[in-house]
Every structure is written in C-alpha cells, then in structure tokens.
Amino acid sequence: MTHYAMVIDLNTCVGCNACMAACAMENQTPVWDKNKWRTYVHDKEIGLGSDVQRRFFPRLCNHCDNPPCMTVCPTGATQKKANGIVFVDQELCMGCGACAMACPYHARVPVTRRDMRQGREFYGSDYRRTSPSMDKCSFCDHLVEQGRKPACVETCVGSSRMFGDLDDPNDPVAQMVASGAARALMPHIGTRPNVYYIDDIRWRG
C-alpha cells in the first residue's frame with residue numbers, strides 16, 4: 001500500500017521561497033496574511049561568534065500517522081486517506097480551531113469569509129474555496145492523484161524537497177528514512193510524522 005512522505009534536505013535549501021509561492025498559487029491560500037501560508041521557510045542563524053551559519057528551515061503539516069488534529073476534531077472534518085495524507089473537508093469544518101491547538105507543528109490556519117472575499121478578488125473567477133474552514137498542507141493531493149508531486153516539490157530549485165512512498169523499498173525517500181539520514185521532528189511525542197529532515201537539527205518550537 002502507498003504511504004506518502006516528504007524529505008527536506010536542509011543542506012540544500014537556499015531560502016528562495018519558491019516553495020511558498022508555488023504552494024500559494026496552487027492552493028489559493030491567503031497570501032496577504034503572513035500567518036496563513038500552508039508552508040513557511042524560517043530564516044535562522046545557528047551558532048555563536050565567528051561560527052554563525054544562516055540556515056533555512058521549511059515547515060508544513062507533517063501528515064502524522066497518529067494525528068492529534070484528527071482526534072480532537074468535533075465534526076470529523078479532519079480525515080486521513082489510506083495513502084497517509086491528512087486533509088480537511090471544508091464542508092464539515094466549523095472553524096473551531098481545536099485542531100490548531102492540538103497540532104504540535106503549528107501547521108493549521110483559519111481561512112475566514114473575509115479571506116474568501118479577498119481570495120475571489122486576488123485569484124479571480126477560478127477561485128475554488130467554497131466555505132471558510134481551518135486550512136493546512138494537503139501534500140497537493142489533487143496533483144498526487146494525477147501522478148504528479150506536490151507543487152513545492154516540483155518547484156524547489158535546490159531539489160531539497162523530495163516526495164515518495166515509504167512502502168516502496170526502491171523509493172529514494174523510503175531509503176533515506178530507513179537509513180536514518182532523514183529524521184522526523186519531535187518523534188518522542190508519538191504523532192509519527194511523515195515529513196523528515198536531513199541535517200542534525202533539534203526542533204525548538
């Protein structure tokens with residue numbers, strides 16, 4: 001069975017933010033609000049004194065195998081596909097924000113009616129959202145169903161984002177995760193995330 005995951009190589013991310021732009025345009029997110037991007041690239045300085053390095057740290061929904069956002073959702077709007085992708089059914093979501101409070105990766109944002117009005121103005125007649133709801137990365141499941149990769153992966157100029165099937169032993173993503181070269185954030189909390197990072201990083205929240 002297919003089990004999708006993403007690997008992000010922090011050594012090759014150049015902080016160009018092409019992933020953010022591609023995600024926003026593909027998924028029609030509220031680009032006018034810096035707190036409502038589905039994916040975000042943090043610009044960090046690591047080290048002390050003369051040993052300071054600038055590193056870029058992309059964040060997004062981790063599509064957990066044990067997603068706390070789904071457990072707390074009172075309407076069943078947060079759902080999980082057989083292939084591991086966690087998504088929000090806009091029509092069922094009442095925007096209570098319980099999922100955002102439960103998510104340890106800070107990957108949930110509200111899309112309001114005001115955002116929708118601005119969205120129709122910004123994206124034009126092709127604007128697809130039909131109701132306000134909580135929003136998050138969906139691994140661009142509509143593209144994945146077409147045999148493509150998420151928009152952020154297709155656009156990454158440094159090829160630092162990789163997308164693949166953990167259940168396929170020949171998939172490079174599965175091999176990197178199995179080897180331990182790619183590691184998940186905060187594995188100790190039991191969410192079993194499916195976004196992995198290459199680098200010796202520790203999440204500071």
Side-chain angles (χ1 to χ4, degrees), residues 1-8 19-20 22-24 26-30 35-41 57-111 115 128-154 156 161-168 171 173-174 176-177 182-197 203 205:
M1 183 178 292
T2 303
H3 187 165
Y4 288 120
M6 184 178 292
V7 168
I8 302 175
C19 55
M20 294 174 56
C23 172
E26 182 63 41
N27 297 291
Q28 300 179 337
T29 59
N35 296 313
K36 293 187 178 183
W37 296 79
R38 285 188 175 191
T39 186
Y40 190 83
V41 180
F57 180 32
R59 282 176 48 197
L60 65 157
C61 170
N62 279 237
H63 295 273
C64 304
D65 285 340
N66 181 30
C69 58
M70 190 167 71
T71 304
V72 302
C73 180
T75 65
T78 297
Q79 301 173 27
K80 185 176 177 66
K81 295 186 175 184
N83 60 18
I85 294 178
V86 179
F87 70 99
V88 179
D89 185 327
Q90 293 180 27
E91 303 303 323
L92 292 178
C93 179
M94 64 180 185
C96 68
C99 57
M101 290 184 282
C103 176
Y105 304 105
H106 311 294
R108 295 281 185 134
V109 297
V111 176
D115 289 325
R128 297 185 299 271
R129 178 171 286 274
T130 58
S131 62
S133 71
M134 299 303 292
D135 194 49
K136 58 177 285 299
C137 162
S138 63
F139 272 168
C140 287
D141 54 347
H142 61 291
L143 296 182
V144 172
E145 290 174 359
Q146 300 171 23
R148 295 174 56 186
K149 296 183 183 298
C152 62
V153 177
E154 290 187 343
C156 181
R161 292 196 184 214
M162 295 154 276
F163 185 74
D165 180 7
L166 290 182
D167 284 351
D168 179 359
D171 191 305
V173 165
M176 283 184 281
V177 172
R183 297 177 294 169
L185 298 178
M186 301 190 295
H188 61 284
I189 63 176
T191 57
R192 303 200 302 277
N194 287 297
V195 173
Y196 298 82
Y197 293 85
W203 174 239

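Thr75 places a side-chain N or O within donor-acceptor distance of the main-chain N or O of Leu92, the cut-off being under 3.5 Å. Glu91 places no side-chain N or O within 3.5 Å of a backbone atom of Ser131 that could act as its donor or acceptor partner. Put simply, the side chain of Lys149 gets close to the backbone of Phe163: a donor and an acceptor are under 3.5 Å apart. No donor-acceptor pair closer than 3.5 Å links the side chain of Asn62 to the backbone N or O of Cys64. Under a 3.5 Å cut-off, the side chain of Arg108 and the backbone N or O of Lys136 do not form any donor-acceptor pair.
Atom CG of Asp165 and atom CG of Asp171 lie 6.0 Å apart (nearest 0.5 Å). Note that CG of Asp115 and NZ of Lys36 are 3.5 Å apart. Values are rounded to the nearest 0.5 Å.
Heavy-atom minimum distance, Ala77 versus Cys73: N-SG, 3.2 Å. Heavy-atom minimum distance, Glu26 versus Cys140: CG-SG, 4.1 Å. Residues Val153 and Arg161 come closest through the heavy atom pair CG1-O, 3.4 Å. A pairwise comparison of heavy atoms in Val195 and Leu60 identifies CG1-CD2, 4.1 Å as the closest pair. Annotation for Pro104 and Thr191: closest pair CG-CG2, 4.2 Å, computed over non-hydrogen atoms. The shortest heavy-atom contact between Ala102 and Pro68 is O-CG, 3.6 Å.
Listed by first then second residue, pairs satisfying ring-ring contact (aromatic ring centres under 6.0 Å, His included) with a partner in residues 79-99 number zero, not counting sequence neighbours.
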Review point. Between Tyr197 and Val7, is a side chain to side chain contact (heavy atoms under 4.5 Å, CB included) present by the stated rule, with each step listed?
Key: CA-CA 6 Å; Tyr197 293 85; Val7 168; over 6 Å; no
**Study point:** Derivation and outcome, side chain to side chain contact (heavy atoms under 4.5 Å, CB included), residues Gln90 and Arg129
**Key:** CA-CA 8 Å; Gln90 293 180 27; Arg129 178 171 286 274; 3.5 Å; yes
Point to revise | side chain to side chain contact (heavy atoms under 4.5 Å, CB included) assessment of Met162 paired with Met176 | key: CA-CA 10 Å; Met162 295 154 276; Met176 283 184 281; 3.4 Å; yes
Practice item. Could you walk me through whether Asn27 and His142 pass side chain to side chain contact (heavy atoms under 4.5 Å, CB included), step by step? Key: CA-CA 10 Å; Asn27 297 291; His142 61 291; 3.5 Å; yes
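With sequence neighbours left out, the salt bridge (charged side-chain N to carboxylate O under 4.0 Å, His left out) criterion links Asp141 to Lys81. For the side-chain hydrogen bond (donor to acceptor under 3.5 Å, both in side chains) test, residues two or more places apart in sequence or in another chain that qualify with Asp65 are His3, Asn194.
Counting heavy atoms from C-beta outward, Arg59 and Tyr105 have side chains that stay 4.5 Å or more apart. Cys69 is listed as a side-chain neighbour of Thr78, based on a closest heavy-atom distance under 4.5 Å. Val111 has its side chain within reach of Pro30: a pair of non-hydrogen atoms, C-beta onward, lies under 4.5 Å apart. Residues Leu166 and Val177 form a side-chain contact, since some pair of their non-hydrogen atoms from C-beta on lies under 4.5 Å apart. Contact of the Asn83 side chain with the Met1 side chain is not registered, since no non-hydrogen atoms from C-beta on lie closer than 4.5 Å. Residues Cys137 and Cys23 are not in side-chain contact: their nearest non-hydrogen atoms beyond the backbone lie 4.5 Å or more apart. Between Pro132 and Pro110, the closest side-chain pair of non-hydrogen atoms is not below 4.5 Å. In this structure, Val144 and Tyr4 have side chains that are in contact, with non-hydrogen atoms separated by less than 4.5 Å.
The existence of a salt bridge linking Asp135 and Arg38 is confirmed by a sub-4.0 Å separation between a basic side-chain nitrogen and an acidic carboxylate oxygen.
A distance below 6.0 Å separates the ring centres of His63 and Phe139.
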